[in-house]
Amino acid sequence: GAVQRDGWLDLFVSDTGCGMSAQTVAQLFTPYFTTKASGTGLGLVLTQQIVERHGGEIKVFSQPGKGSTFTILLPQAMREGGEA
């Protein structure tokens, strides 16, 4: 989904999967950290770098057994005339 607020665009993706522990969430953006047998551990690191280069931020909320929500906050570009 997406929500516009105060010059920001919040994009979010949620699931109802198995969720993650606080320890896993804390390591998500660490290079080469992965919970997958065939993962490289670089996908979220690169995503975070791209978001930050656009002046944004990525947040994660997860609870074991209840799923996860990833939120990307991006500043809205100003249109000609000063409108967002």
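Distance check, rounded to the nearest 0.5 Å: CD of Q27 to CE of M20 gives 11.5 Å. Note that the CG atom of D10 and the CG atom of L73 stand 4.5 Å from one another [nearest 0.5 Å].
Using a distance-only test at 3.5 Å, with no hydrogens or angles considered, a donor-acceptor pair links the side chain of S21 to the main chain of T24.
Residues G55 and P75 share a closest heavy-atom pair of O-CD, 3.5 Å. A pairwise comparison of heavy atoms in S14 and T69 identifies OG-OG1, 2.7 Å as the closest pair. The shortest heavy-atom contact between S68 and G19 is OG-CA, 3.8 Å. When all heavy atoms of S62 and G67 are compared, the closest pair comes out as OG-O, 3.1 Å.
Hydrophobic clustering of Ile, Leu, Val, Met, Phe, Trp and Tyr side chains at less than 4.5 Å, counting indirect connections, unites L28 with V51.
In terms of the side-chain contact (heavy atoms from CB on, under 4.5 Å) criterion, residue partners of F29 (sequence neighbours excluded) are, by chain and number, L44, Q48, I58, V60. For A2, the side-chain contact (heavy atoms from CB on, under 4.5 Å) partners two or more places apart in sequence, or in a different chain, are L9, L11.
With contacts defined as side-chain heavy-atom distances shorter than 4.5 Å, the pair K66/D15 does not qualify.
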**Q.** Residue pair F12, V3: steps toward the side chain to side chain contact (heavy atoms under 4.5 Å, CB included) verdict
**A.** CA-CA 9 Å; F12 57 91; V3 175; 3.8 Å; yes

Q: Using the side chain to side chain contact (heavy atoms under 4.5 Å, CB included) rule, take T34 and T40 through it: C-alpha gap first, then chi angles, then the decisive distance, then the call.
A: CA-CA 7 Å; T34 184; T40 63; over 6 Å; no

(Q) If you apply the rule side chain to side chain contact (heavy atoms under 4.5 Å, CB included), what do you find for I72 with E57, and how did you get there? (A) CA-CA 6 Å; I72 297 174; E57 183 179 353; over 6 Å; no

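Within the structure, no pair that satisfies the salt bridge (charged side-chain N to carboxylate O under 4.0 Å, His left out) test touches residues 33-44, not counting sequence neighbours.
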